[in-house]
Amino acid sequence: MRILVLGGTAFVGRAIVEDALREGAEVTLFGRGRTGTELFPEATRRIGDRDTGDYTALREGEWDAVVDVSGYVPRHVAQAMAVLGDRVGRYLFLSSHAVYVQSGIGPGSDEDTPRRAPVRDTEVLDNDTYGPCKVACEDDVLARYGERATIVRPGKVAGPHDVQDTFTYWSRRAARGGRIALPGRPEQPIQVVDSRDLARLVTRLLIDDRPGAFHAVGPAEPTTLADLIGVCAQVAGTEVEIVPVSPDAVPGPFPLVCPKEQWHTRQRSAARARAAGLPTTPLSTTAADVLAWDRARGEPPLSSGLSATEEARLLGPA
């Protein structure tokens, strides 16, 4: 199988390329060529830039499938489809759970849940526009490719090479042990999917030439934030005490924490994706692999969460 990956050297894209290569696919990578240049020497590289609309390198060639990892706004998708046309068989678009309406939904919602209204008049992505822009991208892919379109909507993704630091924060913090400040509720449900499980689902959908929309969520059993922190501590060999603190005590969003009115967004149904081949790596395996990767890279400063000083101030005397 010949697979074109639009963005494939960072985290999710990297996992997808690794899985496709293991499956024996011929992979072509399209990107700016600025990061991950040492990765995947067996893959063909085409240099271009989606932000500037430079798709010159894709004007020739045919592929059985394209995996769009880096399409965030309708222009990205429209320009890619315009240059590729029918020189690709299946178009698989990596979307997001942010496409769904945010109220009136209960636990166990599936891929037929109502989506938000599409947005096409901005490329500024924030909490109000990211999901609606993804809706517009989905609509355009479906309009152009129909039964040759596949939509994958991942939940929170965890695994080695994560560039967002959300799971990594809890992995590293639990490994330190002791009292842990949690600006939220320990019983909050949480869904994280291992990046390698997501990649396996993508490859399986391409091999099976399967259309439709699929949730990529995990783990296999319902999990809470307290469970997740406990698993991270267990694989690190530490003991922790979770101390809930007010969310108002920390600025902005906190890794994996959400208000109670959004808990349903961490309780999506994975039934359709599992039937299509989504594996369920144990959370302990994901946690152990993230911890090992983080330590191997020297535990650089994280972009989210609390510093040790900030946490100590929140916790106060033991």
Side-chain angles (χ1 to χ4, degrees), residues 11-12 67-74 76-77 91-146 149-158 164 166-167 184-185 188-195 197-198 201-202 205 210-220 222-225 228 247 252-276 278 280:
F11 195 33
V12 170
V67 179
D68 192 342
V69 181
S70 55
Y72 295 101
V73 296
H76 290 161
V77 171
Y91 198 114
L92 188 148
F93 180 69
L94 261 291
S95 188
S96 166
H97 284 208
V99 300
Y100 293 119
V101 296
Q102 298 180 313
S103 61
I105 306 299
S109 60
D110 64 16
E111 292 85 349
D112 297 324
T113 298
R115 297 175 305 152
R116 301 162 75 178
V119 166
R120 302 177 182 279
D121 60 356
T122 184
E123 294 193 2
V124 176
L125 298 178
D126 55 28
N127 287 336
D128 294 325
T129 61
Y130 177 80
C133 280
K134 283 285 193 179
V135 172
C137 293
E138 288 188 7
D139 288 349
D140 291 350
V141 172
L142 288 165
R144 174 62 182 82
Y145 289 102
T150 302
I151 308 296
V152 175
R153 298 173 183 146
K156 296 295 183 181
V157 186
Q164 294 186 337
T166 51
F167 188 96
R185 297 173 63 168
Q188 177 203 307
I190 190 71
Q191 285 181 313
V192 293
V193 61
D194 191 292
S195 57
D197 291 345
L198 169 58
L201 173 65
V202 167
L205 292 170
R210 191 186 294 264
F214 301 87
H215 285 163
V217 294
T223 303
T224 66
L225 265 177
L228 184 146
F254 202 80
L256 301 182
V257 173
C258 70
K260 188 170 185 179
E261 60 268 22
Q262 295 180 15
W263 282 11
H264 67 274
T265 67
R266 309 300 195 266
Q267 296 172 295
R268 307 281 189 193
S269 170
R272 187 183 300 178
R274 287 179 186 162
L278 174 68
T280 51

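A donor-acceptor pair under 3.5 Å is formed between the side chain of Q188 and the backbone N or O of C258. Counting only distance, with no hydrogens or angles, the side chain of R272 and the backbone of A213 share a donor-acceptor pair below 3.5 Å. The closest donor-acceptor contact from the side chain of T223 to the backbone of I190 lies at 3.5 Å or more, if one exists at all. Remark: the backbone N or O of P189 is not paired with any side-chain donor or acceptor of Q267 at under 3.5 angstrom. Looking only at distances, a side-chain donor or acceptor of E111 sits under 3.5 Å from a matching main-chain atom of H215. Under the 3.5 Å distance criterion, the side-chain polar atoms of S95 are left unmatched by any main-chain donor or acceptor of I151.
Evaluation of the salt bridge (charged side-chain N to carboxylate O under 4.0 Å, His left out) rule for D121 yields no partner, not counting sequence neighbours.
S195 has its side chain within reach of F11: a pair of non-hydrogen atoms, C-beta onward, lies under 4.5 Å apart. Two residues are said to be in side-chain contact when any heavy atoms from C-beta on lie closer than 4.5 Å; P132 and P118 fail this criterion. Side-chain contact between T265 and H97 is absent, with no heavy atoms from C-beta onward closer than 4.5 Å. Contact check for H264 versus Y100: no side-chain heavy atoms found under the 4.5 Å cut-off. Taking 4.5 Å as the limit, every side-chain heavy atom of D197 sits out of range of all side-chain heavy atoms of L201. Annotation: side chain of D140 is not in contact with side chain of H76 (no heavy-atom distance under 4.5 Å). Put simply, the side chain of C133 does not reach to within 4.5 Å of the side chain of V135, judged on heavy atoms. Side chains of F93 and V77 form a contact here, defined as non-hydrogen atoms less than 4.5 Å apart.
Residues in residues 123-135 take part in these salt bridge (Lys or Arg N to Asp or Glu O under 4.0 Å) pairs, two or more places apart or across chains: R75-E123.
Taking both residues in full, the closest heavy atoms of R266 and K156 are given as NH2-CE, 3.8 Å, listed atom of the first, atom of the second, then distance. Shortest non-hydrogen contact noted between A149 and V141 is CB-CG1, 3.8 Å. Between A158 and V192, the shortest heavy-atom distance links the atoms CB-CB, 4.4 Å. Of all non-hydrogen atoms in V12 and L198, the two that sit nearest each other are CG1-CD2, 3.7 Å. Between T129 and V124, the closest heavy-atom pair is OG1-O, 2.5 Å.
Under the 30°/60° scheme for interplanar angles, the aromatic rings of Y130 and Y72 are found to be tilted.
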